[in-house]
Amino acid sequence: MPGIAIIGTQWGDEGKGRIVDLLSSRVDIVVRFQGGNNAGHTVVKGNDQFKLHLIPSGILYPGVTCVIGNGVVLNPEVLIEELDSLESKGISTDNLRISCNAHLVMPYHIILDKAGEHRLGKSKIGTTHKGIGPVYADKALRSGIRTQDLQDLKIFRTKLEEALKLNNAIIEKIYGLEPLDPDEIFNKYKQYGKRIERYIVDATFLISKALDKNKRVLFEGAQGTMLDIDHGTYPYVTSSSTIAGGICVGAGVGPGRLDEIIGVVKAYTTRVGSGPFPAEEDGRIGQYLREKGYEYGTTTGRPRRCGWLDAVILKYSIMVNTIDSVAITKLDVLSGLKEIKICTGYKYEGKVYRDMPCHQTILHKCQPIYEEYEGWDEDISRVKNFEDLPKQAQNYIKNIEKIIKVPISMVSVGAERSKIIIRDNNLKSRLFNQSRRSTLIV
Ligand code: GDP
Ligand code: IMO
Ligand code: MG
């Protein structure tokens, strides 16, 4: 059972970092395979809170190798800040490895991202302004610069100058902004290269060899299925493949290597940025969820839009990711609500849709159809066994299982490591029944 995926099933911020942190104690390697520092994964360890943007959440465990795969887009400045911050808290980063094929976020990507959003005005995507769209666009255009180019500065310089010819023209002529100075970028990236060179490896071989040896590899998704470039709410998505299939491309492993796919879902729904959100609650309930769940972006600090759990979306995510079981987070946030709703369909122009509609207009304009459940008042944050949850909370979980037809394997009732209800029987890998592996493979 060596290849396990943790995938967001909504619009990101489901609590993937929290679940990866929990499972990291049971695995040998944790791999990020897509996205960049648009991601913000919060892990709470004792009194410390870690906000990880690029480094896999497994880094907090000394025996775990953490890999930034080829599908990740890497801003070296942000990576170095993250390395410094972890090291200042006594966390060793010696076990980090970075793919030689990961693309670099360059300063012009960030400028183009911000300027592009500004140009769109009211139609903006609401990106994180981290340069993600432009860097993936350059990758597809075959004009990207990769981490391995930092190891050959002559090539780096040539590629940088070539890239600036076009990008400076756009920056100046389209957006009326100051062009970038190649020397300044070159000197900065030369320094970054010196600092991160020791981490750069052929990550594809590293991961494949580990799987050959039956080591346990956890693939940590960033963003969520509804932000997937192909399967999400395009164009209000990110620019990478956030679904489980993205692991094959972004880490260099075949689909057969994925033995278990765990979907992470928040007990309600949140979204940052623009785009359709049928079960959104912009009144009292939305406010309640935002304040009680502290729903503010980990990366940008923006208030997250909040709403009820949307089972149409969850079922769709289960389908496109082939999810084996679901980890539900933030159930504690729902304590105190008299009534809890689950969106089970959309109504549009007299027609009812129980499955994800193909046409985006429907998502924008539909009326959500809800099933209503009785809430509970009890503080559940110390509950360890499913049977000890209030009956109404148990019912909520069981009803979700009934709707999605997939078992719920974990119920998180707090941000801290210990605040989890494990239903190991629902995990294919039965990870919690097995002893921890701690042999480093590199
Ligand atoms: P990610 O991007 O999917 O890793 O999620 P984020 O870290 O951006 O957002 C999830 C937030 O919820 C973080 O602040 C977590 O510490 C917090 N969190 C995770 N699980 C729980 C839970 O079960 N209960 C509560 N109250 N907070 C949680
Ligand atoms: P984690 O990994 C929530 C959203 C942005 C915007 C859209 C495109 O923490 O779940 P981008 O900067 O990627 O071009 O922005 O995607 N977005 C996220 N929303 N969580 C994230 O990551 C996100 N990463 C990007 O808000 O709507
Ligand atoms: Mg997040």
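Basis for what follows: all heavy atoms, side chains included, without hydrogens, waters or symmetry-related copies. For clarity, every value in this text was computed on a predicted model and none was experimentally measured. Read the numbers this way: they start at 1 and go in the same order the structure lists the ligands and their atoms.
- At a heavy-atom distance under 4.0 Å, atoms from both the backbone and the side chain of T42 approach ligand 1.
- Side-chain contact annotation: Q10 with T225, donor-acceptor N/O pair under 3.5 Å absent.
- Judged purely by distance below 3.5 Å, without hydrogens or angles, the side chains of E220 and H41 pair a donor atom with an acceptor atom.
- With hydrogens and angles ignored, the 3.5 Å screen pairs a side-chain donor or acceptor of D310 with a backbone N or O of V312.
- Looking at V333 next to ligand 1, no N or O pair under 3.5 Å apart turns up.
- Considering only non-hydrogen protein atoms, atom 27 (O) of ligand 2 sits nearest to V272 O, 3.0 Å.
- The part of R304 lying near ligand 1 is the side chain, judged by heavy-atom distances below 4.0 Å.
- At a cut-off of 2.8 Å, measuring from the Mg ion (ligand 3), the protein N, O or S atoms that fall short of it are D13 OD1, G40 O, waters left aside.
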TODO: Show your working on side chain to side chain donor-acceptor pair (under 3.5 Å) between K89 and S85 and close with a plain yes or no.
DONE: CA-CA 7 Å; K89 290 180 176 170; S85 158; 4.7 Å; no
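- Close contacts between ligand 2 and K16 involve ligand atoms 1 (P), 2 (O), 10 (O) [criterion: under 4.0 Å to a heavy atom].
- Between the side chains of Y136 and Q34, no donor-acceptor pair is found at a separation under 3.5 Å.
- Considering backbone and side-chain atoms alike, D332 places an N or O below 3.5 Å from some N or O of ligand 1.
- A salt bridge does not link D28 to R216: none of the charged nitrogens lies less than 4.0 Å from a carboxylate oxygen.
- Between the side chains of T329 and R18, no donor-acceptor pair of N or O atoms lies under 3.5 Å.
- The ligand atoms of ligand 2 that sit less than 4.0 angstrom from a heavy atom of V237 are 7 (C), 8 (C).
- Near A39, the atoms of ligand 2 lying under 4.0 angstrom from a non-hydrogen atom of the residue are 1 (P), 2 (O), 9 (O), 22 (O).
- For T233 and R271, the side-chain atoms include at least one donor-acceptor pair closer than 3.5 Å.
- The nearest protein atom to atom 13 (O) of ligand 2, hydrogens excluded, is given as T238 OG1, 2.6 Å; this is a heavy-atom distance.
- With distances taken over non-hydrogen atoms, the option nearest atom 23 (C) of ligand 2 out of Q223, K130, H41 is Q223.
- Heavy-atom proximity to W11, at under 4.0 Å, picks out these atoms of ligand 2: 3 (C), 19 (N).
- With hydrogens left out, the protein atom closest to atom 5 (C) of ligand 2 is G126 O, 3.5 Å, a heavy atom.
- Of all the heavy atoms of V413, the ones lying under 4.0 Å from any atom of ligand 1 belong exclusively to the backbone.
- Taking only nitrogen or oxygen atoms, main chain and side chain alike, G17 reaches within less than 3.5 Å of ligand 1.
- Donor-acceptor pairing under 3.5 Å is lacking for the side chains of R146 and N70.
- Defined by atom type and a distance below 3.5 Å, a donor-acceptor pair is present between the side-chain atoms of S325 and S409.
- In summary, the side chains of R304 and T298 do present a donor paired with an acceptor at a separation below 3.5 Å, with no hydrogens or angles considered.
- Heavy-atom proximity to G40, at under 4.0 Å, picks out these atoms of ligand 2: 1 (P), 9 (O).
- Looking at E14 next to ligand 2, no N or O pair under 3.5 Å apart turns up.
- Looking only at atom types and distance, the side chain of W308 has no donor-acceptor partner in the side chain of T269 under 3.5 Å away.
- The pair E291-R284 does not count as a salt bridge, with every side-chain nitrogen at least 4.0 angstrom from each carboxylate oxygen.
- Each of the following atoms of ligand 1 lies closer than 4.0 Å to a heavy atom of A415: 16 (O), 18 (N), 21 (C), 22 (C), 24 (N), 25 (C), 27 (N), 28 (C).
- Nearest protein heavy-atom neighbour of atom 2 (O) of ligand 1: G40 O, 2.9 Å.
- At under 3.5 Å, a nitrogen or oxygen of G15, whether backbone or side chain, sits near a nitrogen or oxygen of ligand 1.
- A donor-acceptor pair under 3.5 Å is absent between the side-chain atoms of N95 and the main chain of T65, judged by distance alone.
- In this structure, a donor-acceptor pair under 3.5 Å is present between the side chains of N433 and D424.
- Contact atoms of ligand 1 toward H41: 1 (P), 2 (O), 4 (O), 7 (O) (distance under 4.0 Å to a heavy atom of the residue).
- For atom 12 (O) of ligand 2, the nearest non-hydrogen atom of the protein is T128 OG1, 2.5 Å.
- Looking at ligand 1, you'll find an N or O of G414 within less than 3.5 Å of one of its N or O atoms.
- The ligand atoms of ligand 2 that sit less than 4.0 angstrom from a heavy atom of G273 are 27 (O).
- In this structure, G8 falls outside the shell of residues with a heavy atom less than 4.0 angstrom from ligand 1.
- Protein heavy atom at the shortest distance from atom 10 (C) of ligand 1 is D13 O, 3.8 Å.
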TODO: Check the pair D379 / S381 against side chain to side chain donor-acceptor pair (under 3.5 Å), numbers first and verdict last.
DONE: CA-CA 6 Å; D379 172 4; S381 64; 2.8 Å; yes
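- The protein heavy atom nearest to atom 20 (N) of ligand 2 is D13 OD1, 3.1 Å.
- Protein heavy atom closest to atom 26 (O) of ligand 2, with residue, atom name and distance, is R302 NH2, 3.0 Å.
- Other residues, nucleotides and ligands contribute only 12 or fewer heavy atoms inside 6.0 Å of the NE2 atom of H118.
- Remark: the H103 side chain and the D138 side chain contain no N/O donor-acceptor pair separated by less than 3.5 Å.
- Between Y296 and Y294, the ring planes lie tilted relative to each other; the angle falls in the 30° to 60° range.
- For the residue pair N38/T238, the side-chain donor-acceptor check at 3.5 Å is satisfied.
- The protein heavy atom nearest to atom 4 (C) of ligand 2 is L227 CD1, 3.9 Å.
- Close approach to A222 involves these atoms of ligand 2, each under 4.0 Å from a residue heavy atom: 2 (O).
- Closest protein heavy atom to atom 15 (O) of ligand 2: T127 CA, 3.3 Å.
- For R271, the closest heavy-atom approach to ligand 2 does not fall below 4.0 Å.
- Of all the heavy atoms of R18, the ones lying under 4.0 Å from any atom of ligand 1 belong exclusively to the side chain.
- From the protein, the heavy atom lying nearest to atom 27 (N) of ligand 1 is K330 CE, 3.3 Å.
- Ligand 2 is never approached by T298 to a heavy-atom distance shorter than 4.0 Å.
- Between Y236 and W11, the distance from one ring center to the other does not fall under 6.0 angstrom.
- At least one donor-acceptor pair under 3.5 Å links the side chain of Y396 to the backbone N or O of A267.
- Remark: K114 does not engage E117 in a salt bridge, criterion side-chain N to carboxylate O under 4.0 Å.
- Atoms of ligand 1 lying under 4.0 Å from at least one heavy atom of S412, given by number and element, are 20 (N), 21 (C), 22 (C), 23 (O).
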